[in-house]
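Values below: all heavy atoms of this structure, side chains included; hydrogens, waters and symmetry mates excluded. Order of the sequence lines sets the chain letters (A, B, ...), proteins ahead of strands, with each chain counted from 1.
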Amino acid sequence: MHPTNKDIVILLKSVAAAYTLTGVNQFRIIAYQKAADAVEHLTQEIYDVWQNGHLDEIPGLGPIIRQHLDEYFTNPVGSYLEKQTQKIPAPVYKLMQSPGIGPKRAFRIVQEFKLDNPKTIFEDVKSLAAKNKIVELEGFGEKSQKEILKAINLYEERGQKEERMVLPVAGQMAEDIIMYMKQLPEVSEIQPLGSLRRKAPTIGDIDLVAVVEQRNAEKVINHFTAYSRAISVQGKGDVKASIMVTGGKRIDLDIIPRKRYGSMLQYFTGNKLHNIKLREYALRKGYSLNEFGIKEVKTGKMHTFETEEAFYEFLHVDWIPPEIREGGEEIKLALQHALPNLVEPKDMKGEFHVHSDFDIVPSHDIGMDSIEKMAKKAEELGYIYLALSEHNPAMSRVDESQAVDLIRRKAEAVAKIKTPVKLLNSLEIDIQPNGDLALAEDAFKYLDIAIVSIHSSFKMSRDDMTKRILKALAHPGVKILGHPTGRQIGKREEIEADWQTVFDFAKKHHIALEINAWHERLDLPEGLVRRAIQNGNKLVINTDAHAASQMDGLLYGVYVARRGWAEKSDIINTQPLDRVMSWIKGK
DNA sequence: GCCGTTTTCGGCCCGACTGTTTTCAGTCG
């Protein structure tokens, strides 16, 4: 098994902890913490990124840590990183995993009581606390003993299976509480920030900021903590509060007067590395940034900002779309007025991957709505074209001539629909393990366009998988590679393939890479979107809808495209019909 | 150890909260 992102996060944090305890340069410790943070918030598996030779694209990982990771991925045994962690007793790292216990307190406890078994560390500490032993340590007291117990219990209860929400779930949760908060006229504005505003594929907790005048603060905070879905109040102060809602998810609320709203938006949108880099830049210019405004370091004069645009403008930095605030090169480009002009939802003019209920005897799940209904929905969305791409007929259920007949009949059914939307007869065809397509050759003449996707044998060697994909793409009828990595967020890993080779081949043959907008796929992942674009590939954004209502979800694909720095011209289904048709015809 | 729109050397984000202390250390986001 390859190390997961979580493994690497723990590894890097452990090295940072070991350095903290052995007393190395504090900035080296911070560098490891930043690196751990970068990996923790990566939306791709770091192992895959490493395998494809692109560790250098991750901001926060410098040459030295990259080299250590390279060694670790090749063979962890005896590697530098492993050796560093071994300098500290293993139970320390275990103990640190409970919230509120950092390296120093964990080390103190382990050392003072000579706890050497990582397997029993939590039990050991609990029984020490029961005997009131921890209170006796210098620097610890009654309350810290209690806090430590609470932290361990919390970790044991649910810390390990901490799950992040997919974007639409988090979005709905935010919308619900925003509606609730807006019942108060004192809340003049309220919006989600953090990873939700940056449209990250998964969301840990929900951050809200509301514009409230100081005299109404108490009332608003009280209203927030009285939310009916709150199962507990985590914290409550004059200007902020935090609740836990059903499902164990946290919602934080900060309130701010109108005149400081801009700096608060910037501060809580993040991400962390973006903020650090912006503040470092500002500091070189003599300014210190915080959530209340911009301070002139020399004079102490404070500037406040009602809008985020004004905040960035003060620093002579172009406003940066939240989706690309990742701590990479966006600040540099914003200074040069060279940010990309990201694709927007309104640019979308159609899509190529929806499943109708036409009974094609499909190999996988069939759609819920008729072709007509899907076309109607496309019309409502203002689309000018739509491709109906059901799964191919199951080879186990129909023979070749029956399959050909089904495709022909579907073409006729599509042609019969009266709609201003240009409908295309398409299919999503399985790529078989040997790279053959699961469709009789004669059927292709009834298709306007074809998507090919992998739906089986996800575990293959990188070489075999790459060959399999190239063989499928070599078929002249193929125009789109569907959900290329096959990942399902939180459920299935990405397949392993040499993406550079796949991208080069796709580019040469004018095959588009899909950004599948289904919220559990979001595939291509944004990191690969960015590389595909830099490589000169074209992409399409598709919903993979199995019901008309799901076609609204194209938005989530647009977010991924934006997070991958895609402009309108990179995305084929932003283009007018004639351009799309000439792409289909292979020009 | 990382990083760069006055630096490839010499700096390094910022504040809140908590607890155990009388001025700070540890942890977190």
Side-chain angles (χ1 to χ4, degrees), chain A residues 12-13 15-17 19-21 24-38 40-41 56 58-69 80-81 84 95-109 134-148 150-151 193-195 204-207 234-242 250 252 254 263-264 266-295 297 315-318 327-329 331-338:
Chain A
L12 293 171
K13 281 187 180 167
V15 175
Y19 281 163
T20 305
L21 298 169
V24 307
N25 177 325
Q26 58 158 324
F27 293 108
R28 187 159 20 145
I29 299 167
I30 291 170
Y32 274 86
Q33 283 164 345
K34 278 185 189 168
D37 193 64
E40 192 166 13
H41 293 97
D56 58 347
I58 303 174
L61 293 188
I64 292 173
I65 294 182
R66 285 204 302 268
Q67 197 187 326
H68 290 325
L69 283 173
Y80 176 85
L81 294 174
Q84 294 312 305
L95 202 52
M96 271 172 52
Q97 287 181 40
S98 38
I101 306 181
K104 296 201 174 175
R105 300 210 297 170
F107 187 66
R108 276 294 302 285
I109 292 170
I134 293 179
V135 193
E136 293 168 11
L137 292 184
E138 200 193 326
F140 289 75
E142 196 77 33
K143 289 196 175 173
S144 11
Q145 180 169 278
K146 237 182 234 166
E147 278 304 304
I148 287 168
K150 219 168 99 184
L193 303 180
S195 50
D205 48 26
I206 290 173
D207 300 313
Q234 304 284 297
K236 189 171 169 179
D238 295 343
V239 292
K240 62 170 67 179
S242 178
R250 227 176 94 150
D252 294 330
D254 277 67
S263 49
M264 184 60 106
Q266 199 288 320
Y267 174 75
F268 270 117
T269 297
N271 72 7
K272 194 190 226 171
L273 204 51
H274 172 85
N275 282 0
I276 289 176
K277 282 200 175 173
L278 192 66
R279 286 179 216 152
E280 281 175 348
Y281 165 74
L283 210 53
R284 290 195 293 273
K285 297 280 181 191
Y287 300 112
S288 173
L289 313 183
N290 62 29
E291 60 265 55
F292 310 113
I294 298 179
K295 191 169 72 182
V297 176
L315 298 169
H316 302 292
V317 175
D318 285 350
E329 54 192 337
I331 293 169
K332 187 177 90 185
L333 293 175
L335 279 163
Q336 299 166 342
H337 310 296

Practice item. State the NZ-CG distance between A:K13 and A:D37, to the nearest 0.5 angstrom. Key: 7.5 Å
**Study point:** Protein-nucleotide distance (A:Q26, atom CD; B:dC14, atom P), rounded to Å
**Key:** 14 Å
Review point. What interatomic distance, in whole Å, is found between P of B:dT21 and the corresponding atom of B:dT27?
Key: 16 Å
Report, one line per pair, each donor and acceptor closer than 3.5 Å where one atom sits in a side chain of residues 24-31 of chain A; sequence neighbours left out.
from  : atom 1 : to    : atom 2 : distance (Å)
A:N25 : OD1    : A:F27 : N      : 2.6
A:R28 : NH1    : A:Y19 : OH     : 3.4

Check your understanding: Atom OH of A:Y19 to atom C1' of B:dC2: distance rounded to whole Å?
Key -> 14 Å
Check your understanding: To the nearest angstrom, how far is A:L273 atom CG from B:dG1 atom P?
Key -> 18 Å
Any protein N or O atoms within reach of nucleotides 6-11 of chain B? Criterion: under 3.5 Å, listing atom names and distances.
from  : atom 1 : to     : atom 2 : distance (Å)
B:dT6 : OP1    : A:K285 : NZ     : 2.3

**Study point:** C1'-based separation of B:dT18 from B:dT23 [nearest Å]
**Key:** 15 Å
Review point. In whole Å, what separates the C1' atom of B:dT8 from that of B:dC3?
Key: 9 Å
Practice item. Could you pull out all residues at least two apart from A:E136 that satisfy salt bridge (Lys or Arg N to Asp or Glu O under 4.0 Å)? Key: none
Review point. Do side-chain atoms of A:D207 reach the backbone of A:L193 as a donor and acceptor pair under 3.5 angstrom?
Key: no
**Study point:** Any A:R105 side-chain heavy atom under 4.5 Å of A:S144 side chain
**Key:** yes
**Study point:** Close side-chain approach of A:L335 and A:Y281, heavy atoms under 4.5 Å
**Key:** yes
Revision key, fill the gap. Contact string for nucleotides 17-29 of chain B, one letter per nucleotide 5' to 3', B = base within protein heavy-atom range under 4.0 Å, S = sugar-phosphate only, - = neither, reads --SSS----SSSB
Check your understanding: Between A:I58 (CD1) and B:dC2 (C1'), how many Å, whole number?
Key -> 15 Å
Practice item. Remember a base hit wins even if backbone is also touched, and classify A:L278 as base, sugar-phosphate or nothing at under 4.0 Å, heavy atoms. Key: nothing
Point to revise | Pairwise C1' distance for B:dG11 and B:dT6, with rounding to whole Å | key: 15 Å
**Study point:** A:K277 to A:G328 - nearest heavy-atom pair and separation
**Key:** NZ-O, 3.5 Å
Point to revise | Watson-Crick or G-U counterpart of B:dC3, or none if no pair lies under 3.5 Å | key: B:dG10
**Study point:** Options B:dC2, B:dC12, B:dC3, nucleotide nearest the side-chain atoms of A:K277
**Key:** B:dC3
Revision key, fill the gap. Per atom distances to the A:A31 side chain, the nearest of B:dC12, B:dG1, B:dG15 is B:dG1
Point to revise | Heavy-atom pair with the smallest gap, counting every atom of A:N271 and A:G327 | key: OD1-N, 3.9 Å
**Study point:** Interatomic distance, A:F292 atom CZ to A:M264 atom CE [nearest 0.5 angstrom]
**Key:** 6.0 Å
Exercise for review: Measure the distance from CZ on A:F292 to P on B:dG15 and round it to the nearest whole Å.
Suggested key: 8 Å
Point to revise | B:dC24 versus B:dT20 - spacing of their C1' atoms, nearest Å | key: 9 Å
Check your understanding: Does the ring of A:F27 meet both stacking tests against the six-membered base ring of B:dC2: centre distance under 5.5 Å and plane angle under 30°?
Key -> no
Check your understanding: CG of A:L289 versus P of B:dG15: gap in Å, rounded?
Key -> 10 Å
Practice item. Measure the distance from CD1 on A:I276 to P on B:dC3 and round it to the nearest whole Å. Key: 11 Å
Study note, to complete from the structure: side chain to side chain contact (heavy atoms under 4.5 Å, CB included) filter on A:K240, not counting sequence neighbours, yields A:D254
Point to revise | Nearest-Å distance for atom pair NZ/C1', residues A:K295 and B:dG15 | key: 10 Å
Point to revise | Pairwise P distance for B:dT22 and B:dG26, with rounding to whole Å | key: 14 Å
Practice item. Have a look at A:N290 and say if it touches a base, only the backbone sugar-phosphate, or nothing, with a 4.0 Å heavy-atom cut-off. Key: sugar-phosphate
Check your understanding: Which sits closer to the 5' end of DNA chain B, A:N25 or A:I30, going by the nucleotide each is nearest to?
Key -> A:N25
Revision key, fill the gap. Assigned chi class of B:dT6 under the 90° convention is anti
Check your understanding: By ring-ring contact (aromatic ring centres under 6.0 Å, His included), which residues pair with A:F268, not counting sequence neighbours?
Key -> none
Revision key, fill the gap. On DNA chain B, more 5' by nearest nucleotide between A:L335 and A:I29 is A:I29
Review point. Under 4.0 angstrom, heavy atoms only, what part of the nucleic acid is A:G60 near: base, sugar-phosphate, or nothing?
Key: sugar-phosphate
